[in-house]
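What follows is a short report on a single structure.
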Amino acid sequence: MQENDQENFKRELGLLDGTMLVVGSMIGSGIFIVSADIARQVGSAGWLTLIWLISGLITIIAAVSYGELSAMFPKAGGQYVYLKEAYNKLIAFLYGWSFFAVIQTGTIAAVGVAFSKFAAYLYEPLSDENILWELGSFKLNAAQIVSIFTIILLTYINSRGVKDGKILQTILTIIKILSLLGLIVFGLTLAAKASIWDANWADAWTTRSFNKESGSWLPISGTDLISGISAAMVGSLFSSDAWNGVTFIAGEIKNPKRNVGFSLFLGTFIVTIIYILTNLMYLAVIPFDEIATAKSDRVAVVASQYIFGNIGTLIIAIMIMISTFACNNGLIMAGARVYYTMAKDGLFFKKAAVLNQSSVPAWALWAQCIWASALCLTGKYGDLLDFVIIIVLIFYILTIYGIFILRKKMPDAERPYKAFGYPFLPMLYIVIATAICISLLWTKFSTCGWGVLIMLSGIPIYYLTKPNES
C-alpha cells in the first residue's frame, strides 16, 4: 500500500490541510497588485469594494457547487474528471489542453511576472523598464528574465523529486497569511486616518475611469461602465482563482466526501474576508488617487510605506516575493500532476505519463516550464490575466452546468453532499460568469480572443491524437 502511494501525498490530509491548500493556492500576487487597476477602471471606493465582494461571493458559490461533484467522484483528479463524466472525452481533453496551454501556464507566468515586480522594488535594474534587447516590436526586459529564471528554478527543484514540498508550502502559506493579516491589523490601528477614509468614501458610487496618458479622471456610464466593471473584475477573479486545486488531490484527503467540499467553502470564505479587509485597509490608509497610480501597481508597498515607513516597504516586498514564489511552487507541482493523470487516462500527450528516476513526471514539468516561460515574453501582468481568466470562467461555467446534467444522467448516484442553493445559486453563477465572459470578449478581444483561439485549437489536436477506438 505504502509503495503505491509513494508518488502521492500520504492519505493524511485532513480538513485543515485541505483548507490551507485552498487558501495557499488562492493567495498569490493579485491582492497586493490588482486593486490599482480596479481603482483606475471604476474610480471609487464603493465600486472597488463591491467588485471584490461580488468576486468573492461568486467564487464561494462556485466552490460550494463543486462540493457536490467532489463528493460524487472523491478519488479522481478533479475538474477534468467532472467534465468527462458530465459531457465527454472531447470536453475533458479541451480542459486538459487549455489547462496546459492557457490556465496553469498563464497563471504561472503571471505569478512569475508579479515576483519580478517586487524583485525590482528591491533592486531597480530588474524592472520591466530595463530593456535588454530589441527586435522589431519585441522587447526583452530584465523582469521577463527574472520571471523565467524563477519558473526554471522551481521546475528543476520539482523535477528532482522534492518530497518535502508540503512542509515548505505550509510554512510559506502561513507566512503569507500572517503578512496579510499583519498589514490589515497594523494598517487599521497605526496608519488609518479618518480624513483619508472620509475623503475616499465621499463620492463612493461615482464611476470614473483613469486615463494614464493624460493623468486625469473621466466620468463613465452605460456601456463604458459595464466594460469598466468587467475589466476590473478580471483582477479580482484571478486573485480568487486556483481554489479548485484541492479537488485534484481528493483521493489523498481523509473522508473526502465531506472534507473536500467543506475545505472548498472554508478556504474561499476565509480568503474573501481577508481580501475585503485588505481593501478596506487600503482605503483607510491611502488616498484613492494614490491607489490608482501606485508605481507598477504595487498598492501593498504604498500601504506599508504609510504604515511602517521605508523599512516596512522592504519587509512587505520580501514577504510578497515569498508569497508568489510559494504560489508558483504549488502551481508548478500541481500542474504536472494533472497532465500526468490525464495522460494516464489517454487524454493528454503520452510522454506526460512517464516518470523519471525520482518518480516525477519530468517531461510534463519541463513542457509546462517551456510554455510558461514563452508566455512570460508575450505580455504584461494585466494581459496575462485577461488571457487566463476568460478560459477559467468558461470551464467553471461548463463544470457547474455539469451538476444539472449529472442530476439527469445519474439520478440514482450517491450524493453525500448536494450543491448548496441548487438550482438557484449554481444558475446564478452561470449567468454572472457568462455575462463577464461576453463583456470581456467584447471589450478585450485582443487578449481574451487569443485565449479562446488556443482553447479551440485543441479540437483538431484531439482528433489527430486520439486512438482509433472512441
Side-chain angles (χ1 to χ4, degrees), residues 30 33-59 61-62 198-241 272 275-276 279-280 282-283 286-294 297 299 379-394 396-397 400 424-425 427-453:
I33 300 172
V34 300
S35 291
D37 185 58
I38 296 172
R40 287 195 296 272
Q41 300 284 358
V42 290
S44 68
W47 279 99
L48 171 67
T49 311
L50 184 65
I51 277 166
W52 281 102
L53 183 62
I54 293 169
S55 299
L57 287 175
I58 66 170
T59 300
I61 291 171
D198 292 344
N200 284 344
W201 285 92
D203 293 317
W205 303 104
T206 304
T207 47
R208 359 168 246 168
S209 151
F210 187 75
N211 186 310
K212 272 188 167 177
E213 275 78 48
S214 65
S216 61
W217 291 97
L218 303 165
I220 53 168
S221 60
T223 51
D224 287 344
L225 175 59
I226 292 165
S227 63
I229 291 167
S230 55
M233 286 190 77
V234 168
S236 55
L237 284 169
F238 179 82
S239 307
S240 304
D241 193 35
T272 298
Y275 282 0
I276 290 167
N279 279 281
L280 291 174
Y282 290 156
L283 290 165
I286 315 170
F288 196 82
D289 282 20
E290 286 185 40
I291 296 175
T293 57
D297 288 356
V299 188
K380 294 183 161 45
Y381 186 75
D383 295 343
L384 287 165
L385 302 202
D386 294 345
F387 188 63
V388 172
I389 205 68
I390 183 105
I391 305 303
V392 168
L393 286 173
I394 287 169
Y396 282 163
I397 292 164
I400 290 172
F424 175 71
L425 286 181
M427 192 48 77
L428 179 67
Y429 179 88
I430 290 167
V431 170
I432 294 172
T434 303
I436 294 167
C437 285
I438 292 166
S439 181
L440 284 174
L441 281 173
W442 183 259
T443 56
K444 295 195 163 197
F445 190 74
S446 59
T447 43
C448 293
W450 277 108
V452 173
L453 190 67

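All values derive from a computational prediction rather than experimental measurement.
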**OP:** Kindly indicate whether the side chain of Ile33, heavy atoms from C-beta on, has any atom under 4.5 Å from the side chain of Val299.
**Re:** no
Original post:
Do side-chain atoms of Asp386 reach the backbone of Ala231 as a donor and acceptor pair under 3.5 angstrom?
Top reply: no
Subject >> Thr443 and Ser227: side chain donor to acceptor below 3.5 Å >> reply: no
Original post:
Who are the ring-ring contact (aromatic ring centres under 6.0 Å, His included) partners of Tyr275, not counting sequence neighbours?
Top reply: Trp52
Original post:
Is there a donor-acceptor pair closer than 3.5 Å between any side-chain N or O of Ser439 and the backbone N or O of Ala435?
Top reply: no
Original post:
Side-chain donor-acceptor pair under 3.5 Å between Tyr282 and Asn200, yes or no?
Top reply: no
Subject >> Side-chain heavy-atom pair Trp201, Thr49 within 4.5 angstrom cut-off >> reply: yes
**OP:** Please list, chain by chain and in numerical order, all residues satisfying side-chain contact (heavy atoms from CB on, under 4.5 Å) with Val388, sequence neighbours excluded.
**Re:** Thr107, Phe238, Val392
Original post:
Listed by chain and number, what are the side-chain contact (heavy atoms from CB on, under 4.5 Å) partners of Ile438, not counting sequence neighbours?
Top reply: Thr434
Original post:
Considering only heavy atoms from C-beta outward, does the side chain of Ile38 approach that of Ser236 to under 4.5 Å?
Top reply: yes
Subject >> Donor-acceptor side-chain pairing of Ser35 and Asn279 below 3.5 angstrom >> reply: yes
Subject >> Side-chain heavy atoms of Tyr429 within contact of Thr59, under 4.5 Å >> reply: no
